[in-house]
Each structure stands twice: as C-alpha cells, then as structure tokens.
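Note that the numbering runs from 1 along the sequence shown for the chain. Numbering of ligands and ligand atoms starts at 1, following listing order.
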Amino acid sequence: ETTNETYEPIAIADTASEEDLIWNISLQARIDAALASNEIYLAFQPKVLIQSGEIVGVEALVRWNDPERGQIPPDNFIRQCETAGRMSQLTRYVLEKGCLAGNAFDEAGLSIPVAVNISATLIHERQIVDMVAEVLDQTGFEPRHLTLEITETYRISNLDLAAGVLHELAALGCKISMDDFGVGAASLEALLRLPFDELKIDRAFISQMLVNTKAEAIVKSILAMGKTMRIVVIAEGVEDTGTLTKLRESGCIVAQGFGISRPVDFETILRNHNLGHSEALRNMV
Ligand code: C2E
Ligand code: MG
Ligand code: MG
Ligand code: MG
C-alpha cells in the first residue's frame, strides 16, 4: 500500500516528467533545509471564552518564511509537504515546538492547552502514536494539555484503523479535536465512530450565520449536538461582534477568529491572558 509517508520519488518516475522529478527533489531539499533552520515557525491563535475573553487555549499554526519565495501560505505548504513525503517530519517539528511553547506558557502562569493540527492521512498509521508519545516524553509537556486537531477528516479512508490510532492517542492523555466540522463528506460518521473531545465548527457556517438562516440553524444544531454528546464545541472564523453575540445567545462558550485575535507570536500570547479588550468582544452588549 502506498501512502504519502512511504512515498519515494522514484515511484513517480514512469508517470511524471523528468522536470517534475527534479522539482520534487528540490522541494524535498528546500523543506528539509527550512525545517533545520528557523524559516519554519509557529503562530498561535487564541481560543477564548466568549463570556469573559479569557484565553482557554491556543492553536499552533505553521508559518514558512522562505528567503526566496517569501511567506508561503500554510494550505499550499501543507500540500507541498505531502507531495514531498515530508508530513511526518513537519508534524514532529510542530509537535515539538508546540509542546515547548506550552511549557513556557505554563512557566509564565498561563497554563493552557496547545492544539496542533494533524493531517487525517497521518492517523492511518500507528507511527503517529509513537511520535506523540516521544515528543511528550522529551518535552515533559502535560499530555492533557496537548490537543490534536484532526484536519480534513473527510480524507479518513479507513475509520476502523483511524479509531484504533485515535483511541491510543487519547490513552496517552491527549485531547482529540475534529477540525473544520461540517465540510467534507462523512464527517457525521467520523463523529459517530471516532473519540472526539472537541469539535470546531467550520468557518463556512460561522461566517454566514447572520445572513443565512440555514447556516444559523446548522450552527445551532451542532451546538445542541455537542452539548448532548458532552463534546466541547468551538466556533472558528469569528470576525465580528454581531456573530459573536449571536453565538453567545446560541449557547456557544468558546470562539476563535480574526475578530478576537489573529494568529500572533508567542510573546504576544504571554502579554495577554485575556482578550476582553479585542474588537469583537469589546463591542458586545
Ligand atoms: P485550520 O486548522 O482550520 O486553521 C484555521 C485557519 O483559519 C488558519 O489559517 C487561521 O489563520 C484562519 N482563520 C482564523 N480565524 C479566521 C477568521 O476569522 N477569518 C478567516 N478568514 N480565517 C481565519 P492558516 O494558518 O492559513 O491555516 C490553514 C490551514 O492549514 C489550517 O486550517 C490547517 O488545516 C492547516 N495547517 C496549519 N498549520 C498546520 C500544521 O502545523 N500541520 C498541519 N497538518 N496542518 C496545518
Ligand atoms: Mg486547526
Ligand atoms: Mg479549522
Ligand atoms: Mg481549515
């Protein structure tokens, strides 16, 4: 079975042109060099209590500042890592930096969970369990403060396999979060069969909430479902006060989005344990 992780450049030799092959090898080299330097770093976006503005977690988001190509958008970069067979290396890097940042937040009196994004393709192999266990061991970060956000869950091709791996990750003490909930096929089946502690309502629904009654109904249903299932529900992509007010009225407790805070650097998180002064929260009535 061929997965992204076992990908070898030679495997595409018969289908891809020599040019593609050279591009791919140079891409691998660039990613390896970037991981070894500090061209790749993390930004942190707060998750806050709508009621008070208190930061109750941060999501680590990867950034690549390539000296030649400038800032490379994460979506693009993640795809490149998959193409180049470098998803494991990237994930390990983000896990390590995320846990170290978590330790530093702890020491500064901000004892909050740190969320790391994990591509769905990685949860088909036990290798990820060993990786997370090793990083927790090496860094000494508290497992209950590491949240694993599983992205693109529609790409989970084998739910039995994924369930086994996620149960092992949960057994390490980590929290498991379903990212971008609602978009992509089979997300309800994944919710039924995988051990999620948290789910994040995709921005596609949140951004439409005030103008589209269907979007509003979907958000309210997800909130009700999360409550019954005792799963924490987070609204992603909150950009304005109106949406935040509507979310609060709908019973949503935790939110994340540009209106509260953009992804920021480590020091900015340390300086602000509470974001009640943020644009969206300040104007709420
Ligand atoms: P995501 O995990 O759903 O992360 C949220 C994305 O939405 C971030 O984009 C964030 O900057 C953006 N966002 C947050 N609030 C708002 C808002 O109010 N409005 C708008 N328009 N956007 C908002 P970013 O950093 O570009 O990341 C994009 C995606 O790349 C992430 O989506 C995640 O799937 C992936 N990603 C990022 N870092 C990693 C990583 O370390 N590993 C993996 N596997 N994937 C990652
Ligand atoms: Mg995420
Ligand atoms: Mg998301
Ligand atoms: Mg996303």
Has Asn117 got an N, O or S atom lying less than 2.8 Å from the Mg ion (ligand 2)? yes
Show, in sequence, the C-alpha distance, side-chain angles and deciding distance for Gln208 and Lys214, and conclude whether the side-chain hydrogen bond (donor to acceptor under 3.5 Å, both in side chains) test is met. CA-CA 9 Å; Gln208 294 297 304; Lys214 287 187 190 173; over 6 Å; no
Number the atoms of ligand 1 from 1 as they appear, then name those within less than 4.0 Å of a heavy atom of Asp180, with their elements. 3 (O)
From the Mg ion (ligand 2) out to just under 2.8 Å, does an N/O/S atom of Asp180 turn up? no
Partner of Glu149 under side-chain contact (heavy atoms from CB on, under 4.5 Å), picked from Asn117, Ile234, Ile176, Leu199, is Asn117
Does Glu152 come within less than 4.0 Å of ligand 1, judged by its heavy atoms? no
Just distances here: any N/O of Phe258 and N/O of ligand 1 closer than 3.5 Å? yes
Only heavy atoms count here, so choose which of Glu239, Lys97, Arg262, Arg203 is nearest to atom 22 (N) of ligand 1. Arg203
Any Ser119 heavy atom less than 4.0 Å to ligand 1: yes
As a quick check of understanding, evaluate side-chain hydrogen bond (donor to acceptor under 3.5 Å, both in side chains) for Glu39 and Trp64, giving each step before the final call. CA-CA 6 Å; Glu39 285 169 34; Trp64 185 4; 3.1 Å; yes
Does some non-hydrogen atom of Lys200 fall short of 4.0 Å from ligand 1? no
Is ligand 1 less than 4.0 angstrom away from at least one heavy atom of Gln256? no
Restricting to N, O or S atoms of Glu59, which is nearest to the Mg ion (ligand 2)? OE2
Atom indices of ligand 1 within 4.0 angstrom of Met87 heavy atoms, with elements: 44 (N)
N/O/S atom of Asp179 under 2.8 Å from the Mg ion (ligand 2), yes or no? yes
Within the structure, does Ala60 bring an N/O atom to less than 3.5 angstrom of an N/O atom in ligand 1? no
